[in-house]
Amino acid sequence: MHWTLLLIAAVFEIVWAAGLKYTAGFTRLWPSLGVGAAMAASMALLALAARGLPIGTAYAVWTGIGAAGTAVAGILLFHEDASALRLVCLALIVTGVVGLKLLAK
């Protein structure tokens, strides 16, 4: 259950981080409210997940999924660079996240 909460928290992190683009520097009300709600949900779910997971592992996995997911969202939504080297770096982040999950006690 804790891993599921952490995964959902990471999805909310991707949503708020990618959503920052739509807020136009928090000058647009509805996107800004959506980003704020996603931030709150992400943090709350991370806190709940951390009750049953080591905090170092939980935070690293949450951040890794959020970072890689946001980079992919940038590629798909905002046509950011998708060079082979950038994709290799994203794969390294994902590999680290999977490794932390497999080694978690």
Practice item. Apply side chain to side chain contact (heavy atoms under 4.5 Å, CB included) to the pair V97 and K101, showing each step before the final yes or no. Key: CA-CA 6 Å; V97 167; K101 165 66 171 106; 5.7 Å; no
Check your understanding: If you group Ile, Leu, Val, Met, Phe, Trp and Tyr by side-chain heavy-atom gaps below 4.5 Å, do I14 and L20 land in one group?
Key -> no
Point to revise | Linked, directly or transitively: M43 and W16 (ILVMFWY side chains, under 4.5 Å) | key: no
Revision key, fill the gap. In terms of heavy-atom contacts, H2 and A49 come closest through O-CB, 3.4 Å
Review point. Distance from T23 atom OG1 to L29 atom CG, nearest 0.5 Å?
Key: 11.0 Å
Review point. Which heavy-atom pair separates R28 from P31 by the least distance, and what is that distance?
Key: O-CD, 3.6 Å
Point to revise | Y22 side, atom OH; F78 side, atom CZ - distance, nearest 0.5 Å | key: 4.0 Å
Exercise for review: Determine the minimum heavy-atom distance between A18 and T70, stating which atoms define it.
Suggested key: N-CG2, 4.2 Å
Point to revise | Co-membership, hydrophobic cluster, residues Y59 and I65, 4.5 Å side-chain | key: yes
Point to revise | Within 6.0 angstrom of R86 CZ, more than 12 heavy atoms from elsewhere | key: yes
**Study point:** Side chain proximity check, L90 to I75, heavy atoms < 4.5 angstrom
**Key:** yes
Point to revise | same_hphob_cluster(L87, L76) at 4.5 Å side-chain heavy-atom cutoff | key: yes
Review point. Counting only N and O atoms by type, is there a donor-acceptor contact under 3.5 Å from the side chain of S42 to the main-chain atoms of A38?
Key: no
Review point. Can you get from L45 to L53 by hopping between Ile, Leu, Val, Met, Phe, Trp and Tyr side chains that sit under 4.5 Å apart?
Key: no
Practice item. Scan L7, L5, L6 and name whichever one has a side chain to side chain contact (heavy atoms under 4.5 Å, CB included) with W3. Key: L6
Study note, to complete from the structure: So OG1 of T63 and CG of L46: to nearest 0.5 Å the spacing works out to 8.0 Å
